[in-house]
Amino acid sequence: MSIKKICAVVAAVLVFAGYSGTGTELQAATAGAYVVTPETAQEQPFEATMPTAEKLSDTEDVSAIFTQNLKLPKGAESKAFFKFELAEDSWVYFSGNYSLNNHDGLGTKVKVYGDSAYSKLKVEYGWGYWNYEKYAAAVLKAGTYYVHVFNKHENFSHYEGNVNVVAVAIPVEKAIAVEQVLSGKKDKVTVSVTSGIGTETKLVEYRQGKLGEDSIGNSTYWGKLLSGEYYNSYDDKTVQLKLNDENAYVFEVKNNGYFTLLLSDNKNGHIIKNVKVSGIDDVKPSITGVKNNKTYKVSVTVKFSDKGSGIKSATLNGSKIKSGTKITAKGKYKLVVKDKAGNENSISFTVK
């Protein structure tokens with residue numbers, strides 16, 4: 001996985017806004033990292049850099065964006081704060097771990113907020129002694145996010161080691177990427193969908209029409225997950241896609257217009273994407289020189305053409321005919337012209 005280098009990770013450093021317990025040794029904070037609590041959030045927390053990637057190949061490769069070096073006695077608590085920027089809407093993977101630690105008696109909870117007042121909770125997860133929800137995922141809009149890291153030493157003697165918050169952002173355009181290929185006959189488009197979040201993808205669905213984010217979770221439009229099973233939407237127009245051998249979700253569209261994709265991850269997060277299909281030949285061939293149900297007292301010259309996929313066949317009373325043919329014989333005629341995309345135009349006329 002290609003992940004941009006992290007510009008500012010606090011290595012082996014403790015940034016505390018508060019702790020409880022006795023005999024706790026607090027190490028110096030890195031220069032430029034400020035102590036802050038939700039109650040006094042006008043101060044600036046440490047600025048971490050969120051790494052970005054085009055895809056999530058292996059969650060084990062995700063790097064730390066924030067590290068604390070802790071030394072806590074049993075029963076002690078600590079908290080730290082940092083913030084990061086998202087330059088664009090992204091699917092973000094969060095996790096955490098301990099390193100260079102003397103035992104596993106610590107527990108950590110992480111809360112990600114969308115505001116500096118720490119009031120708009122976006123993500124919450126934890127790991128360690130009392131919490132095994134080791135990762136979280138969320139679709140976050142571009143902007144600034146504030147993170148609260150809470151640690152509690154639950155067991156054994158004093159804890160000493162590093163607490164690492166790890167994360168990576170996959171831009172939404174990469175998390176659900178779409179490629180369209182128009183057929184040679186211009187009668188359909190093959191759509192190939194790839195997911196940049198890899199094994200964290202749970203479902204990819206699509207349906208005709210242009211839907212917004214307010215449709216997410218609405219069973220009128222989308223299928224829903226209940227007890228781990230998949231259920232179609234009530235009108236049966238939602239199609240669940242399957243991953244093929246090329247790690248893509250492929251389907252065909254035979255009409256121009258919009259369709260909507262919905263990607264669901266393993267943490268019940270969703271990405272919705274509108275895709276416009278164009279280029280399919282849905283216009284019947286043009287016929288000139290004669291008009292439908294008209295009678296002519298003189299000879300006529302029939303012409304036909306197709307600017308889309310091109311003419312496939314043309315018959316006059318069942319026999320092949322070329323554009324520009326002059327009809328002089330009296331009689332009733334039916335001209336049928338088809339293009340390569342399957343569109344058909346037919347005209348009946350009479351020559352007296």
Side-chain angles (χ1 to χ4, degrees), residues 1-15 45-70 78-86 89-101 103-114 118 121-141 144-154 159 161-172 174-175 195-202 263-271:
M1 174 177 61
S2 174
I3 299 180
K4 294 180 181 178
K5 297 294 184 181
I6 301 170
C7 299
V9 174
V10 188
V13 170
L14 176 62
V15 183
F46 171 77
E47 294 187 8
T49 300
M50 172 65 70
T52 61
E54 293 193 356
K55 62 180 181 179
L56 185 68
S57 299
D58 187 347
T59 57
E60 296 300 321
D61 292 337
V62 181
S63 302
I65 63 171
F66 185 78
T67 296
Q68 298 172 260
N69 175 249
L70 288 182
S78 73
K79 53 186 175 181
F81 299 84
F82 68 92
K83 68 177 182 179
F84 64 86
E85 296 277 348
L86 279 181
D89 296 356
S90 302
W91 179 88
V92 187
Y93 175 91
F94 295 95
S95 186
N97 57 60
Y98 306 123
S99 62
L100 302 177
N101 53 303
H103 61 70
D104 59 359
L106 191 69
T108 300
K109 286 186 177 180
V110 176
K111 294 183 178 181
V112 181
Y113 296 87
Y118 297 84
L121 183 64
K122 300 295 183 180
V123 181
E124 181 177 10
Y125 71 103
W127 72 93
Y129 186 76
W130 40 257
N131 195 316
Y132 297 97
E133 194 69 21
K134 295 183 179 180
Y135 82 95
V139 181
L140 301 178
K141 299 288 186 181
T144 304
Y145 292 86
Y146 298 80
V147 185
H148 174 205
V149 183
F150 174 80
N151 299 291
K152 185 174 183 180
H153 186 194
E154 298 283 1
Y159 174 90
N162 295 332
V163 177
N164 307 303
V165 177
V166 305
V168 63
I170 314 294
V172 166
K174 301 294 184 180
S195 171
I197 68 175
T199 57
E200 289 302 310
T201 305
K202 190 164 192 175
L263 181 149
S264 302
D265 64 27
N266 287 328
K267 290 296 182 181
N268 204 34
H270 305 285
I271 299 174

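Just so you know, residue 1 is the first one in the sequence shown, and it goes up from there.
- Across all non-hydrogen atoms, the minimal contact from Ser99 to Asn164 is OG-ND2, 3.0 Å.
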**Prompt:** Would Leu70 and Ser78 satisfy side-chain contact (heavy atoms from CB on, under 4.5 Å), going step by step from the backbone distance to the final call?
**Reply:** CA-CA 9 Å; Leu70 288 182; Ser78 73; 3.7 Å; yes
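- Relative orientation of the Phe66 and Phe46 rings is tilted, given thresholds of 30° and 60° on the angle between their planes.
- A cation-pi arrangement, defined by a distance under 6.0 Å to the six-membered ring centre and an angle within 45 degrees of its axis, is present between Lys267 and Tyr135.
- Legend: residues meeting side-chain contact (heavy atoms from CB on, under 4.5 Å) with Thr144, ordered by chain and number and at least two apart, are Lys83, Glu85, Tyr146.
- Residues passing the side-chain contact (heavy atoms from CB on, under 4.5 Å) test with Tyr125 are Phe94, Val110, Val123, Trp127, Ala136, Val165, sequence neighbours excluded.
- The salt bridge (Lys or Arg N to Asp or Glu O under 4.0 Å) test applied to Lys134 returns no partner, not counting sequence neighbours.
- Checking each of Lys79, Gln68, Lys109 against Asn151 for a side chain to side chain contact (heavy atoms under 4.5 Å, CB included) leaves exactly one that passes, namely Gln68.
- By the salt bridge (Lys or Arg N to Asp or Glu O under 4.0 Å) test, Glu124 pairs with Lys111, sequence neighbours left out.
- Considering all non-hydrogen atoms of both residues, Tyr129 and Glu154 come closest at CD2-CB, 3.2 Å.
- Note that the CD atom of Glu200 and the CG atom of Asn266 stand 4.5 Å from one another [nearest 0.5 Å].
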**Prompt:** When you look at Val62 and Ser95, which way does the side-chain contact (heavy atoms from CB on, under 4.5 Å) test go after all the steps?
**Reply:** CA-CA 8 Å; Val62 181; Ser95 186; over 6 Å; no
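- For Ala175, the side-chain contact (heavy atoms from CB on, under 4.5 Å) test picks out Trp91, Ile170, Ile197, Ile271, with sequence neighbours left out.
- With values rounded to the nearest 0.5 angstrom, Phe150 atom CZ is found 9.5 Å from Thr108 atom OG1.
- Put simply, OG1 on Thr199 and CG on Asp265 are 11.0 Å apart, with the number rounded to the nearest 0.5 Å.
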**Item:** Worked check of side-chain contact (heavy atoms from CB on, under 4.5 Å) between Tyr98 and Val163
**Value:** CA-CA 5 Å; Tyr98 306 123; Val163 177; 3.9 Å; yes
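- Within the 4.5 Å cutoff, the side chain of Val139 has no heavy atoms near those of the His270 side chain.
- Residues forming a salt bridge (Lys or Arg N to Asp or Glu O under 4.0 Å) with Asp89 (at least two apart in sequence, or on another chain): Lys141.
- Pairing each heavy atom of Ala169 with each of Val92, the nearest pair is CB-CG2, 4.1 Å.
- A pairwise comparison of heavy atoms in Pro171 and Ala53 identifies CD-O, 3.3 Å as the closest pair.
- Rounded to the nearest 0.5 Å, atoms CG (Leu140) and OH (Tyr145) are 4.5 Å apart.
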